[in-house]
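Everything below concerns the one structure shown next.
Labels below follow one simple rule: chain letters A, B, ... track the order of the sequence lines, proteins then strands, and each chain is numbered from 1.
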Number of protein chains: 2
Amino acid sequence: MTATVSKSQLAYRTIKERISDGSYSPGYRLVLGRIAEELGVSAVPVREAIRLLEAEGLVQFERNVGAQVAMLDPTEYQVTMQTLALVEGFATAVSAPHMTPDDVARARAINDAMALTLEHFDPATFTRLNLDFHAVLFESCPNPHVLDLVHRGWARMRALRESTFSFVPGRARESVQEHAELLDLIESGADALELELAARNHRLRTLDAFLAHYGAPDGVPTSSTTGEGER
Amino acid sequence: MTATVSKSQLAYRTIKERISDGSYSPGYRLVLGRIAEELGVSAVPVREAIRLLEAEGLVQFERNVGAQVAMLDPTEYQVTMQTLALVEGFATAVSAPHMTPDDVARARAINDAMALTLEHFDPATFTRLNLDFHAVLFESCPNPHVLDLVHRGWARMRALRESTFSFVPGRARESVQEHAELLDLIESGADALELELAARNHRLRTLDAFLAHYGAPDGVPTSSTTGEGER
DNA sequence: AGTGGTGGGATCGTATATTATTTCGTACAC
DNA sequence: GTGTACGAAATAATATACGATCCCACCACT
């Protein structure tokens, strides 16, 4: 009656959820038998779920050794964030023409709520609202592949950054400001390319801020590779 | 001795290969037991492989019913190609600064070979060389995620278009021409954004040509959504 | 003390068997 | 003639069991 979800699906969703919400933090070792027992299923569906999560990059897997939640790694962070910027920028541009005035209003309301969280230090809420904000932007996206890429990127970032990946101290206020500008652009019916770059650079600036704050990885150039920016 | 690949991996690679080369054409029904027997393994690893391929979009899967190779569908084609254009454009821009003069020379050689295939009608060879061409472009890409997205896109297109997805009658010659221009841009050390858009529009023009040739899907606008283009 | 080998424990990998679900054909009733 | 209900066959889904592999600690030998 409850849509009779398969046990593989159950294992997949449960593990993914636990990675996202931090119950399984980066490096946590995922033992098939233990998880299977815990969920009341056999090891086979758990293994299947873990292989899927491996394909998404959420867990690392080694044959005959086991799986663990993907580790926190600045380089990982950079390329993932870069890819997310690419995909989100595109998704924004494609979605914008399909957004209703009501959609824009909802996005503004969420952004206002984000501004309120700045009064207190609350990275988790900030990140959650940030996801909601972008979710509103993308919900009219007619390209399901791109949407899927966005969601995978988010799942990765959540796993890597423990639920606060959008929040960089000293950058949050600008982020809210840029959101507002982005909505203005959308309302003004701006050019698709202009929108895409605005949305992309919004993420890339967060990336730069993060790298500046936590230190850039070794050989990777910190300039964000693509955009209008100053070289 | 042969790196002792797991049977799941074997099943995965074999099925993917057969989808790519057309042994399993779109719509072909993948029956667990039959494939398992054929490969000399049990049904469990085959099931796992099929679930992974489902996650990549290469096969469609329905619970308790079975799997089949993803069907040919103009809308599918459009969004996949659009996504591929996005990702390839970005990959080109990111890779370009890392390309050596030798890399560019190799790409030119492949492009010359493509020009030769225009003498005869040979879509399969054309598409293969086209993949080689872009592979050279991307092999210096420092972002593995983006590369992975490219490869998945290619696999999808192969599955959907039966090994000739880059070839649209009447467009091949322009394609070769645009490749040459792209290489010129790279050699001239062009701006990253300029490169990205050039590479993206190269794919999008192929998409438009395809849609014009085979007919556009129903409600989807044929203009390629993003780019400098004439609106 | 350092190095190489060896055994045990833990864990994954897969085959087999069982169960649950769906589908399709057939027969019966209307 | 058509629609429905029932049953058998096909197939996927999972559990269980066993085998293969890897890691680690301990011990012997140098």
Side-chain angles (χ1 to χ4, degrees), chain A residues 1-19 23-73 159, chain B residues 1-19 23-71 159:
Chain A
M1 59 196 72
T2 57
T4 50
V5 67
S6 79
K7 305 205 175 172
S8 305
Q9 288 284 325
L10 178 120
Y12 173 78
R13 291 182 194 170
T14 305
I15 298 173
K16 190 168 186 173
E17 178 66 26
R18 291 189 181 174
I19 292 177
S23 308
Y24 297 154
S25 48
Y28 183 88
R29 187 150 177 228
L30 302 168
V31 179
L32 289 192
R34 199 136 41 215
I35 297 178
E37 190 181 7
E38 196 179 329
L39 300 183
V41 300
S42 124
V44 177
V46 175
R47 172 182 152 80
E48 185 176 284
I50 286 182
R51 291 296 300 269
L52 283 174
L53 292 168
E54 186 208 8
E56 290 182 38
L58 280 176
V59 311
Q60 293 168 332
F61 192 83
E62 198 176 347
R63 170 165 181 178
N64 286 322
V65 174
Q68 60 179 26
V69 179
M71 299 290 284
L72 184 69
D73 169 3
Chain B
M1 55 197 76
T2 57
T4 48
V5 66
S6 80
K7 306 208 175 170
S8 306
Q9 288 284 326
L10 180 122
Y12 173 78
R13 291 182 196 171
T14 305
I15 297 173
K16 191 168 186 175
E17 178 67 26
R18 291 188 181 175
I19 292 177
S23 308
Y24 296 155
S25 47
Y28 183 88
R29 185 149 177 231
L30 302 168
V31 179
L32 290 192
R34 199 134 42 215
I35 296 178
E37 190 181 7
E38 196 178 328
L39 299 183
V41 301
S42 122
V44 177
V46 174
R47 173 181 151 82
E48 186 176 284
I50 286 181
R51 291 297 298 269
L52 283 174
L53 292 168
E54 186 209 8
E56 289 182 38
L58 280 176
V59 310
Q60 293 167 332
F61 191 84
E62 197 176 348
R63 167 159 185 191
N64 286 320
V65 174
Q68 58 179 29
V69 179
M71 298 290 284

So, is A:Ser8 near the phosphate of D:dA13, with a side-chain N or O under 4.0 Å from OP1 or OP2?
no

So does A:Glu48 pair up with A:Arg51, basic N to acidic O under 4.0 Å?
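Salt bridge between A:Glu48 and A:Arg51, a charged N being under 4.0 Å from a carboxylate O: no.
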
NZ/NE/NH1/NH2 to OD/OE distance under 4.0 Å, B:Arg18 and B:Glu38:
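A salt bridge is present here (some side-chain N lies under 4.0 Å from a carboxylate O).
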
Among D:dT11, C:dT14, D:dT14, the one nearest A:Lys7 by side-chain distance
D:dT14

Side chain of B:Arg29: nearest nucleotide among C:dT23, D:dT11, D:dA13?
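Selected nucleotide: D:dT11.
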
Which whole-number value in Å describes the distance from [X] [atom1] to [N] [atom2]?
| X | N | atom1 | atom2 | answer |
| --- | --- | --- | --- | --- |
| B:Arg51 | D:dA13 | CZ | P | 7 Å |
| A:Tyr12 | D:dA13 | OH | C1' | 19 Å |
| A:Glu62 | D:dC22 | CD | C1' | 9 Å |
| B:Phe61 | D:dA12 | CZ | C1' | 7 Å |

For A:Leu30, report the nucleic acid contact type (base, sugar-phosphate, nothing); a contact means any heavy atom under 4.0 Å.
sugar-phosphate

Heavy atoms only, 4.0 Å cut-off, all strands: where does B:Asn64 land among base, sugar-phosphate and nothing?
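B:Asn64: backbone/sugar contact only, no base atoms under 4.0 Å.
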
Could you walk me through whether A:Leu30 and A:Gln68 satisfy the side-chain contact (heavy atoms from CB on, under 4.5 Å) test, starting with their C-alpha distance in whole Å, then the side-chain angles of each, then the deciding distance to 0.1 Å, before giving a yes or no?
CA-CA 5 Å; A:Leu30 302 168; A:Gln68 60 179 26; 5.7 Å; no

Do B:Leu39 and B:Thr14 come close enough that some side-chain heavy atom pair is under 4.5 Å?
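In contact.
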
When you measure from every atom of DNA chain D, which of residues 34-50 of chain B have a heavy atom less than 4.0 Å away?
B:Arg34, B:Arg47

Can you tell me if CD on B:Glu37 sees more than 12 non-hydrogen neighbours from other groups inside 6.0 Å?
no

At their closest point, which heavy atom of B:Ala11 faces which heavy atom of B:Pro45, and how far apart are they?
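That closest heavy-atom pairing would be CB-O, 4.2 Å.
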
